Number of protein chains: 2
Amino acid sequence: MLSTGLPQGAVPKLERPGPLRDRVYEALLELITTRALQPGQHLVESELAGHLGVSRQPVREALQRLNTEGWVDLRPAQGAFVHEPTEEEADQLLTVRTLLEAEAARLAASNADGAGVEALEEILAEGLKAVDADDVDAAVALNARFHAKIMELAGNAVLAELAAQVDRRVRWYYTPVARQRGGQSWVEHRELIAAVAAHDEQLATRLMREHTEHTRRSYHARAKS
Amino acid sequence: MLSTGLPQGAVPKLERPGPLRDRVYEALLELITTRALQPGQHLVESELAGHLGVSRQPVREALQRLNTEGWVDLRPAQGAFVHEPTEEEADQLLTVRTLLEAEAARLAASNADGAGVEALEEILAEGLKAVDADDVDAAVALNARFHAKIMELAGNAVLAELAAQVDRRVRWYYTPVARQRGGQSWVEHRELIAAVAAHDEQLATRLMREHTEHTRRSYHARAKS
DNA sequence: GCGCCGTAGACTGTAGACGAAAGACAATCA
DNA sequence: TGATTGTCTTTCGTCTACAGTCTACGGCGC
């Protein structure tokens, strides 16, 4: 028993800066996903280091990580280049995403309890509100939160980690068209929640699969235009 | 047209050492998977560096990569520790593996041509030969090659990469029991090849799912003993 | 004897510097 | 005029050095 008399949870853990490489990683990922760094662009270590006010070392380590996660290509003795997505790769990513999300939906339907369903419905409500208000940014963000919550309810950490990576990259390729589909998908979300609440694994799987397939179709429709 | 008169394909491309970090990565991964470095062990950078005859820097970068791929845990300001697999995590990994392999089987059934099926049958023949000869190591290696070939036939690079990572880790957790199941699985492989050759996607999916589920059951049977 | 505090050691995190390879450009020769 | 070669700049890969932080151990007070 601690005898300090301090409120247990209130201590803010003495906010530490945390490893520099992680912050560099976050910063670079942000720059990439927001298209501030364009696909194919050559990332010069010393430039980034100077720009971020750190040494080259943390930058290198961040680039390493970005490389293993597929955001940048690390050509030996030549440097880092922002990955250039191809049509084929985008399609393959969407296939994998469909797979992972569908499984997550199945597991969520299997595991979800009342509190989980409630949380989903809360996000749904906010999402619909955002759509009504034509707040596309909020709608997109809430969409991500919805899928993340499904993942959480699935209770499979490994699956969640893979899905998070795949999802983020899909979102990157997909941002140009993401805004179009902002509203539509929430109708599908509602059905999915019902299936999860009813513990209907098969239905949940099917709905999520169709849901992500819609996304794929939207993507291809744009790609051809 | 090159006028050197050198034989075109015969030049061995002047084998370059390649980035040091990659070789360190390979070396460490080998040490981990072979249990030379045991789970939970503290990996001291300077020790590894000295042992491998390189500086700390390449070691750090290799550890970074091993961290993102889940082989080691990198506790801030404390160093790298070989990841300790839990029962729960192993189970989750097996779930994901089942998912990925089943999808690969489906895609393989959809895409495979004569040459692909032939390659599978060749591996199968070698595998059965290894089993007959009680050569467990060869059987295990061929098993990996078989699954890798299925992945290749699936023609989805993203899927293949994820599956390779998951597979390798499953194999790591599973090595203690892998040897038991050396022979049994080849019977199942034969059926799978037939399904792929017949382009029967559903059957191929089902067979692969059952196949990997057998693996899971073996694992749990061992875990409880 | 028990617990707390201070100190020392070890290891990581970060920075800076040097050598080497790859690409670009210009000068030279056929 | 075209290709080739030499040089030069840029950038990466690696090494060494220093500062910050955590852990462990010994001494001190209660």
Side-chain angles (χ1 to χ4, degrees), chain A residues 1-6 11-28 31 37-38 40-68 71-84, chain B residues 1-6 11-28 31 37-38 40-68 71-84:
Chain A
M1 176 73 186
L2 292 169
S3 53
T4 56
L6 282 172
V11 186
K13 276 277 182 69
L14 196 51
E15 197 173 318
R16 268 178 294 184
L20 207 47
R21 57 167 172 268
D22 291 343
R23 286 187 294 174
V24 173
Y25 167 81
E26 300 285 350
L28 289 180
L31 289 174
L37 298 174
Q38 291 178 3
Q41 185 169 342
H42 186 189
L43 302 179
V44 180
E45 295 175 357
S46 44
E47 270 184 32
L48 298 175
H51 193 275
L52 296 173
V54 298
S55 171
R56 272 179 57 207
Q57 178 99 355
V59 175
R60 281 182 66 83
E61 296 183 356
L63 288 176
Q64 283 287 326
R65 186 168 161 195
L66 289 169
N67 178 44
T68 67
W71 293 100
V72 307
D73 298 323
L74 226 48
R75 302 187 219 165
Q78 208 176 344
F81 296 80
V82 180
H83 181 71
E84 295 189 73
Chain B
M1 173 73 186
L2 291 170
S3 53
T4 56
L6 282 172
V11 187
K13 277 274 182 72
L14 195 54
E15 195 174 322
R16 271 178 290 186
L20 207 49
R21 55 163 173 265
D22 291 342
R23 286 187 294 173
V24 173
Y25 167 81
E26 299 285 351
L28 289 181
L31 288 174
L37 298 174
Q38 290 178 4
Q41 185 170 343
H42 185 189
L43 302 178
V44 180
E45 295 175 358
S46 45
E47 271 184 31
L48 298 175
H51 193 273
L52 295 173
V54 298
S55 170
R56 273 180 56 206
Q57 179 103 352
V59 175
R60 281 182 67 83
E61 296 184 357
L63 288 175
Q64 287 287 326
R65 187 168 161 196
L66 289 169
N67 178 42
T68 67
W71 292 102
V72 306
D73 298 324
L74 226 49
R75 303 187 217 165
Q78 208 176 346
F81 296 79
V82 180
H83 180 71
E84 296 189 70

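In what follows, chains carry the letters A, B, and so on, assigned in the order in which the sequence lines appear, proteins first and then strands, with residues in each chain numbered from 1. Since the model is a prediction, treat every value here as computed from it, not as a measurement.
Shown here for B/Arg65 and A/Thr68, the closest heavy-atom pair between the two residues is CG-CG2, 3.5 Å.
Rounded to an integer number of Å, the gap from CD of A/Gln64 to C1' of D/dG13 is 11 Å. Between the C1' atom of D/dT11 and the CD atom of A/Gln57 lies a distance of 16 Å, rounded to the nearest Å. Rounded to whole Å, atom P of D/dG13 lies 11 Å from atom CG of B/Leu20. At whole-Å resolution of the value, CG in B/Leu52 and C1' in D/dC15 are 16 Å apart. The CZ atom of A/Phe81 sits 16 Å away from the P atom of D/dT10 (whole-angstrom rounding).
For A/Arg21, a side-chain nitrogen or oxygen approaches OP1 or OP2 of C/dG13 to under 4.0 Å. Residue A/Ser55 places none of its side-chain N or O atoms closer than 4.0 Å to OP1 or OP2 of C/dT14. Within the 4.0 Å cut-off from OP1 or OP2 of D/dT16, not a single side-chain nitrogen or oxygen of B/Arg56 is found. An OP1 or OP2 oxygen of C/dT12 is reached within less than 4.0 angstrom by no side-chain nitrogen or oxygen of B/Arg60.
You'll find that the side chain of B/Gln78 is closest to D/dT23, out of D/dT11, D/dT14, D/dT23. Taking every side-chain heavy atom of B/His42 into account, C/dT12 is the closest of D/dC15, D/dC12, C/dT12. Relative to the side chain of A/Ala77, the nucleotides D/dT21, D/dT14, C/dA22 differ in distance, and C/dA22 lies closest. If you check D/dC12, C/dT14, C/dG13 against the side chain of B/Glu45, the one that comes closest is C/dG13.
Within the 4.5 Å cutoff, no side-chain heavy atoms of B/Arg21 are placed close to those of B/Gln64.
Here B/Leu43 lies in heavy-atom contact (under 4.0 Å) with sugar-phosphate atoms only.
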Mind listing the side-chain donor-acceptor pairs of residues 42-53 of chain B below 3.5 Å, one per line with the distance, residues two or more places apart or on another chain?
{"from": "B/His42", "atom 1": "NE2", "to": "B/Gln78", "atom 2": "O", "distance (Å)": "3.2"}
{"from": "B/Glu45", "atom 1": "OE1", "to": "B/Arg56", "atom 2": "NE", "distance (Å)": "3.0"}
{"from": "B/Glu45", "atom 1": "OE1", "to": "B/Arg56", "atom 2": "NH2", "distance (Å)": "2.9"}
{"from": "B/Glu45", "atom 1": "OE2", "to": "B/Arg60", "atom 2": "NH1", "distance (Å)": "2.9"}

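In this structure, the separation between CD on A/Glu61 and CD on B/Gln57 is 7.0 Å, given to the nearest 0.5 Å.
Across A/Leu63, A/Asp22, A/Leu20, a single residue satisfies side chain to side chain contact (heavy atoms under 4.5 Å, CB included) together with A/Pro58, and that is A/Leu20.
For the pair B/Arg75 and A/Pro76, both in contact range of DNA chain C, the more 5′-proximal nearest nucleotide belongs to B/Arg75.
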